[in-house]
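This report refers to the structure that appears directly beneath it.
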Amino acid sequence: MILIVCGVSGSGKTTIGSQLAKALELPFFDADDFHPQTNLQKMKNGKPLNDQDRQPWLETLSLNLANWEAKGGAVLACSALKESYRQTLKSRCRGEIKWIVLSGSRELLLKRLNARSGHFFDSNLLDSQLTTFELPSYGYLVDISQPLDEITARVSEQLLATNKSS
C-alpha cells in the first residue's frame with residue numbers, strides 16, 4: 001500500500017503520517033527530506049517555490065514511490081498542493097495510492113506554524129500555499145481541528161477496513 005498524507009504546512013502531515021505508518025507497519029518518509037538545498041533555502045528566505053522548483057523534487061519522489069511500492073509500500077508526508085503534482089507523484093506507481101488530505105482553518109495552521117522551532121518553512125508562506133492548494137475530490141478528507149491521535153485512529157481504521165474488503 002502506498003499512502004500519501006497531503007496538505008499545506010502546519011496541517012500535521014509528518015505527525016499523522018508517521019503515526020499511520022506505525023499503525024499500518026509501513027516505512028515512513030517525509031517529502032521535505034528530498035528537497036534540494038536550493039528549495040530549502042528559498043523557503044527559509046520566505047520565497048514560495050514555483051512549479052519549476054518543484055518538478056525535479058516531484059520526479060524524485062515519484063521514482064521513490066514506485067520503488068517503495070515494489071518493496072511492499074510506504075507512507076509519504078507530502079504537500080502535493082496541486083492536482084498536477086499529485087499526477088506526477090503517482091505516475092510511476094502500478095497500484096492505487098491512498099490519499100489522506102488534511103485541511104484546516106488558516107488560524108489553526110498559522111498557530112501551529114508559529115509554535116514550531118527550527119523548521120525551514122517561513123510561516124509567511126502559508127497564504128501562498130493556501131492559494132496554491134487544490135483540494136482533490138478523492139481520498140480521505142480530514143479536518144485537522146480534531147486531536148491528532150483521534151485522526152490517526154479513525155484513518156487507520158478506515159484504511160484497514162478498506163484493505164480487508166478489497
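These figures come from a predicted structure and were not determined experimentally.
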Worksheet entry | Donor on one side chain, acceptor on other, Asp51 and Gln55, under 3.5 Å | no
Worksheet entry | pair Asp127-Arg106: side-chain heavy atoms closer than 4.5 Å | yes
Practice prompt. Provide the closest heavy-atom pair for Pro36 versus Trp57 in the form atom of the first, atom of the second, distance.
Written response: CD-CB, 4.4 Å
Item to complete: Tell me, with the steps shown, if Leu159 and Leu3 meet side-chain contact (heavy atoms from CB on, under 4.5 Å).
Response: CA-CA 10 Å; Leu159 288 169; Leu3 178 68; 3.8 Å; yes
Fill in: Nearest heavy atoms of Val101 and Leu135, plus distance in Å
CG1-CD1, 3.7 Å
Worksheet item: What distance do Thr38 atom OG1 and Asp53 atom CG have between them, rounded to the nearest 0.5 Å?
Response: 7.0 Å
Practice prompt. For the residue pair Arg92 and Leu63, establish whether any side-chain heavy-atom pair is separated by less than 4.5 Å.
Written response: yes
Output a table of donor-acceptor pairs, distance under 3.5 Å, between side-chain atoms of residues 66-79 and any protein atom two or more places apart or on a different chain; print 'none' if there are none.
residue	atom	partner	partner atom	Å
Glu69	OE1	Arg94	N	2.8
Glu69	OE2	Arg94	N	3.3
Glu69	OE2	Gly95	N	2.7

Worksheet item: Taking the side chain as C-beta and beyond, is there a heavy-atom pair between Thr88 and Arg54 under 4.5 Å?
Response: no
Worksheet item: What is the minimum heavy-atom distance between Asp143 and Ile151, and which atoms define it?
Response: O-CD1, 3.7 Å
Worksheet item: Say you draw a straight line from OG of Ser105 to CG of Leu110; how long is it, rounded to the nearest 0.5 Å?
Response: 9.5 Å
Worksheet item: Which residue, Gln41, Lys42, Lys47, forms the side-chain hydrogen bond (donor to acceptor under 3.5 Å, both in side chains) with Asn45?
Response: Gln41
Worksheet, complete the sentence: Scanning both residues in full, the closest heavy-atom pair of Gln19 with Leu148 reads OE1-O, 3.7 Å
Discussion item. What I'd like to find out is whether the side chain of Leu102 reaches to under 4.5 Å of the side chain of Ile16, using heavy atoms alone.
Written reply: yes
Worksheet item: Rounded to the nearest 0.5 Å, how far apart are OG of Ser9 and CG of Leu109?
Response: 9.0 Å
Worksheet entry | Exercise: identify the closest heavy-atom pair between Phe133 and Ala80 | CE1-O, 4.2 Å
Worksheet item: For Lys90 and Ile4, what are the C-alpha separation, side-chain angles and deciding distance, and is it a side-chain contact (heavy atoms from CB on, under 4.5 Å)?
Response: CA-CA 10 Å; Lys90 73 178 194 173; Ile4 298 179; over 6 Å; no
Worksheet item: So how far is it from Lys98 NZ to Leu20 CG, rounded to the nearest 0.5 Å?
Response: 13.0 Å
Worksheet entry | Any Phe29 side-chain heavy atom under 4.5 Å of Asn64 side chain | no
Item to complete: In plain terms, say whether Glu83 and Arg86 are close enough for a salt bridge, that is, a side-chain N and a carboxylate O under 4.0 Å apart.
Response: yes
Worksheet item: Between Leu61 and Ala31, which heavy-atom pair has the shortest distance, and what is it?
Response: CD1-CB, 3.7 Å
Worksheet entry | Test item: Phe28 and Thr14 side chains (from C-beta on) under 4.5 Å apart, heavy atoms | yes
Worksheet item: For the atom pair OG (Ser18) and CG (Leu26), what is the distance rounded to the nearest 0.5 Å?
Response: 12.5 Å
Fill in: ring-ring contact (aromatic ring centres under 6.0 Å, His included) partners of Tyr140, counting only residues at least two apart
none
Practice prompt. Look at Lys13 together with Asp32 and state whether they make a salt bridge at an N to O cut-off of under 4.0 Å.
Written response: no
